[in-house]
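Computed over heavy atoms, backbone and side chain alike; hydrogens, waters and symmetry mates excluded. Here is the naming used below: chain letters follow the sequence lines, and residue numbers restart at 1 for every chain.
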There are 2 protein chains.
Amino acid sequence: MFRGFSILSVDSKGRLAVPSRYRQRLISLSEGNLVLTLNPLDRSLWLYPLSEWELIESKLAGLSDFDKQGRRAKQMMRGYATDCQLDGQGRILIPQELRAHAGLGRQAVILGQGNKFEIWDEQAWSKLRDEWLYEVGKDSGEPSDALKSLSL
Amino acid sequence: MFRGFSILSVDSKGRLAVPSRYRQRLISLSEGNLVLTLNPLDRSLWLYPLSEWELIESKLAGLSDFDKQGRRAKQMMRGYATDCQLDGQGRILIPQELRAHAGLGRQAVILGQGNKFEIWDEQAWSKLRDEWLYEVGKDSGEPSDALKSLSL
DNA sequence: GGGATTTGTGGGTGATTGTGGTTAATTATA
DNA sequence: TATAATTAACCACAATCACCCACAAATCCC
């Protein structure tokens, strides 16, 4: 399971270095074959090892086309799914289209999220984090049932 | 279960020595593998033995991505969860980002909190403690039902 | 109380990692 | 087919980190 946080730069060619602590695992999981796609729920990207992506793909195939949310998620994720490979320096190239969707500027944040990574524009991410911390801290907002019962 | 209190210094590189009385236990629990993440409820950090963190992670994995609050909790807790290892001197390195979240200066406080440790900036902690003692002393705040029936 | 040991703190150094750039290959376009 | 644009492979530098050693303060033990 992937976890953890890094700030990385996206260079002028749209390349992003995957933090080295993950590389070995990515190589042994799928020989460094990765799938990058958009996150249909946020303005960010998801990066899967190929083997994990294949599981996702079969889950998506199971979603009914008559459920609108499901259909859209399917379209987005599959439609934008891009194969990529770690280069010699452990970087991936993020296609223009996907960079635009996530609003990726010079600095990006990469978050380990279990079976995948999530990639955000650095500023967008800090904004989101601050807002969330504020919400949670207010201590008046209504936590969802799932959260209320969560003991950490 | 961890308990107790220590004041420790954070050196210029952001390292913090785990009090030696805990080290043996941390090593036997998870070979000195620890996970440091942010405490979303306060400006402080949580330090888990890896084995304890894995329990938390599986709780988080159960939250739905289609529920916004659940998704955010997952992103934040997992995203900031940083693997660390005790170094030869029994220290951990606290990443810049996490230090910033907790406002960690030169002196830190580490509190045993059951399945984890809580790490505070020393000044922030004393302030909080004093405020809390003052609040409770006033005896006017409304304790929740759960607290009212608590005998300590 | 005094010596020995453990513990916390600080710093130096070499290896690793992230980043930027250059050149060659491939693909697309005119 | 030639040219432009894009992508891949390669190299080099700079910042960071892990590892090591050294010292001082606290603690333990006789």
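Among the heavy atoms of the strands lying under 4.0 Å from B:Asp11 are primed sugar atoms or P, OP1, OP2 only; no base atom is included. Across all strands shown, B:Val18 has heavy atoms under 4.0 Å from sugar-phosphate atoms exclusively, and none from any base.
Rounded to an integer number of Å, the gap from CD1 of B:Ile110 to C1' of C:dT9 is 16 Å. A:Ile7 has its CD1 atom 12 Å from the P atom of D:dC17, to the nearest Å. The nearest whole Å value for the distance from the CG atom in B:Asp87 to the C1' atom in C:dG8 is 11 Å. Computed from coordinates, the B:Ile92 CD1 to D:dC17 P distance equals 14 Å when rounded to whole Å. Following rounding to the nearest Å, B:Glu122 (CD) and C:dT9 (P) show an atom-to-atom distance of 12 Å. In this structure, CG of B:Leu16 is placed 8 Å from P of C:dT9, rounded to the nearest angstrom. With rounding to whole Å, B:Leu93 atom CG is found 14 Å from C:dT16 atom C1'. For the pair B:Leu8 CG and C:dT6 P, the interatomic distance rounds to 20 Å; values are reported in whole Å.
The shortest distance between the side-chain N/O atoms of B:Arg21 and the OP1/OP2 oxygens of D:dT27 is not below 4.0 Å. Within the 4.0 Å cut-off from OP1 or OP2 of C:dT9, at least one side-chain nitrogen or oxygen of B:Ser9 is found. Residue B:Ser12 places no side-chain N or O under 4.0 Å from the OP1 or OP2 atom of C:dG10. Here A:Arg15 does not reach the OP1 or OP2 of D:dT6: none of its side-chain N or O atoms lies under 4.0 Å away.
Between the side chain of A:Ser6 and the backbone N or O of A:Leu8, no donor-acceptor pair lies under 3.5 Å. With A:Arg91 contributing its side chain and A:Ala17 its backbone, the two residues share no donor-acceptor pair below 3.5 Å.
Proximity of B:Leu26 to B:Phe117: side-chain heavy atoms (C-beta onward) are separated by under 4.5 Å at one or more points.
Under the side chain to side chain contact (heavy atoms under 4.5 Å, CB included) rule, A:Trp53 has a single partner from A:Leu34, A:Asn33, A:Thr37, A:Leu36, which is A:Thr37.
Contact annotation: side chain of A:Arg91 to base of C:dG20, donor-acceptor pair present below 3.5 Å. A donor-acceptor contact under 3.5 Å is formed by the side chain of B:Gln89 with the base of D:dC21. Put simply, the side chain of A:Lys13 and the base of C:dG20 share no donor and acceptor less than 3.5 Å apart.
A side-chain donor from one of A:Gln75 and A:Arg72 sits under 3.5 Å from a side-chain acceptor of the other.
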